[in-house]
Asks: 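Pasting in a structure now, in structure tokens, and then I'll have a few things to ask.
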Amino acid sequence: MCRTLTAFPTTCLERAKEFKTRLGIFLHKSELGSDTGSVGKFEWSSKHGKEGRNFSEDVLGWKESFDLLLSSKNGVAAFHAFLKTEFSEENLEFWLACEEFKKLRSATKLASRAHKIFDEFIRSEAPKEVNIDHETRELTRTNVQAATATCFDVAQGKTRTLMEKDSYPRFLKSPAYRDLAAQAAAALASPSSCGPVEPSHT
């Protein structure tokens, strides 16, 4: 029989609400635009992720590597909200747009989307211009003229490196993430207590 959320003791529900509130520090007013991929406003879920990690483990995994952060929907949403506080969210939005772009299979859609991404993030004075060198900008301009799924790879790679070496360490040191990580660690260290995880089947 699967226990439902209503079967949890009140203290467990309060802990889950507090956990969600702490994540909200990152995520209030932090929706990604429709053009930046499928990651949008954080959706609270009690289910385990596809990697088999529960939410607490997911949160703690963000500090293990930048790859783990980017592979987590919740991690991307939290990191995006943090970048907005530093006015550098365009880097992540460009990276996400490139990830979605590489999934396209239609040559017509590739060409159209490539120009749209270039105009939004790459060209000089673009509304969300990313911080890349002149050579990379010109290489990308050339690649877009005959768009393929890899035409943004160099620019995307440099933007990713910039985030990993610059913004990511500050994200991990931010009071909001450290507070959230402490809550996650506490939840995992207390097997007898409840947290925002899926109830076990009995």
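None of these values were measured; they are calculated from a predicted model.
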Asks: Check whether any side-chain N or O of Thr136 sits under 3.5 Å from a backbone N or O of Ile132 as a donor-acceptor pair, and report yes or no.
Replies: no
Asks: Can a donor-acceptor pair be found between the side chains of Thr159 and Asn91 at a distance below 3.5 Å?
Replies: no
Asks: Any idea which heavy atoms bring Glu86 and Ser167 closest together, and the distance?
Replies: OE1-OG, 4.2 Å
Asks: Any heavy-atom pair between the side chains of Asn74 and Asp58 that's under 4.5 Å?
Replies: yes
Asks: Looking at every non-hydrogen atom in both residues, tell me the closest pair between Ile117 and Phe101 and how far apart they are.
Replies: CD1-CB, 3.8 Å
Asks: Over all heavy atoms of both residues, which pair between Val76 and Leu70 is shortest? Give the atoms and the distance, please.
Replies: CG2-O, 3.4 Å
Asks: So do Leu83 and Phe171 actually touch side chain to side chain, heavy atoms under 4.5 Å?
Replies: no
Asks: Kindly compute the distance separating OG (Ser65) from CD (Glu164), expressed to the nearest 0.5 Å.
Replies: 8.0 Å
Asks: Within this structure, what is the OG1-CZ distance for the pair Thr161 and Phe66, rounded to the nearest 0.5 Å?
Replies: 9.0 Å
Asks: Calculate, to the nearest 0.5 Å, the distance between atoms NE2 and CG belonging to His80 and Leu92 respectively.
Replies: 6.0 Å
Asks: Backbone N or O of Leu69 within a donor-acceptor pair of the Tyr168 side chain at under 3.5 Å?
Replies: no
Asks: Going from SG on Cys98 to CZ on Arg160, what distance comes out if it is rounded to the nearest 0.5 angstrom?
Replies: 13.0 Å
Asks: Hey, does Gln156 have a side-chain heavy atom less than 4.5 Å from the side chain of Lys102?
Replies: yes
Asks: Taking everything shown except Glu64 itself, do over 12 heavy atoms lie less than 6.0 Å from its CD?
Replies: yes
Asks: In chain order, what residues pass the side-chain contact (heavy atoms from CB on, under 4.5 Å) check against Glu90, with sequence neighbours excluded?
Replies: Ser88, Lys128, Val130
Asks: Is there a side-chain contact between Glu120 and Phe94 in this structure, where contact means two heavy atoms from C-beta onward sitting under 4.5 Å apart?
Replies: no
Asks: Of all the heavy-atom pairs spanning Arg178 and Lys173, show the shortest one and how long it is.
Replies: CD-O, 3.3 Å
Asks: Would a single hydrophobic cluster contain both Leu162 and Leu139, if residues Ile, Leu, Val, Met, Phe, Trp and Tyr are joined by side-chain heavy-atom contacts under 4.5 Å?
Replies: no
Asks: Scan for salt bridge (charged side-chain N to carboxylate O under 4.0 Å, His left out) pairs involving residues 136-149, sequence neighbours excluded, and state none if there are none.
Replies: Glu129-Arg137, Glu138-Arg141
Asks: Would you say Ser72's side chain and Leu68's backbone share a donor-acceptor pair under 3.5 angstrom?
Replies: no
Asks: Are side-chain heavy atoms of Trp62 and Phe79 found at a separation under 4.5 Å?
Replies: no
Asks: State, with a plain yes or no, whether a side-chain heavy atom of Lys158 is found less than 4.5 Å away from one of Asp133.
Replies: yes
Asks: Please give me the minimum heavy-atom distance between Ser56 and Leu188, naming the atom from each residue.
Replies: CB-CG, 3.7 Å
Asks: Under 3.5 Å, is there a donor-acceptor pair between the side chain of Ser112 and the main chain of Thr108?
Replies: no
Asks: Under the 3.5 angstrom rule, does the side chain of Arg123 hit a backbone N or O of Asp119 as a donor-acceptor pair?
Replies: yes
Asks: Compare every heavy atom of Ala147 with every heavy atom of Ala114, then report the nearest pair and how far apart it is.
Replies: CB-CB, 3.7 Å
Asks: Show the atom names and distances, to 0.1 Å, of all donor-acceptor pairs under 3.5 Å that link a side chain in residues 148-155 to residues at least two apart or in another chain.
Replies:
residue, atom, partner, partner atom, Å
Thr148, OG1, Thr150, N, 3.3
Thr148, OG1, Thr150, OG1, 3.1

Asks: Can you confirm whether Phe82 sits close enough to Arg170 that some side-chain heavy atom of one is under 4.5 Å from a side-chain heavy atom of the other?
Replies: yes
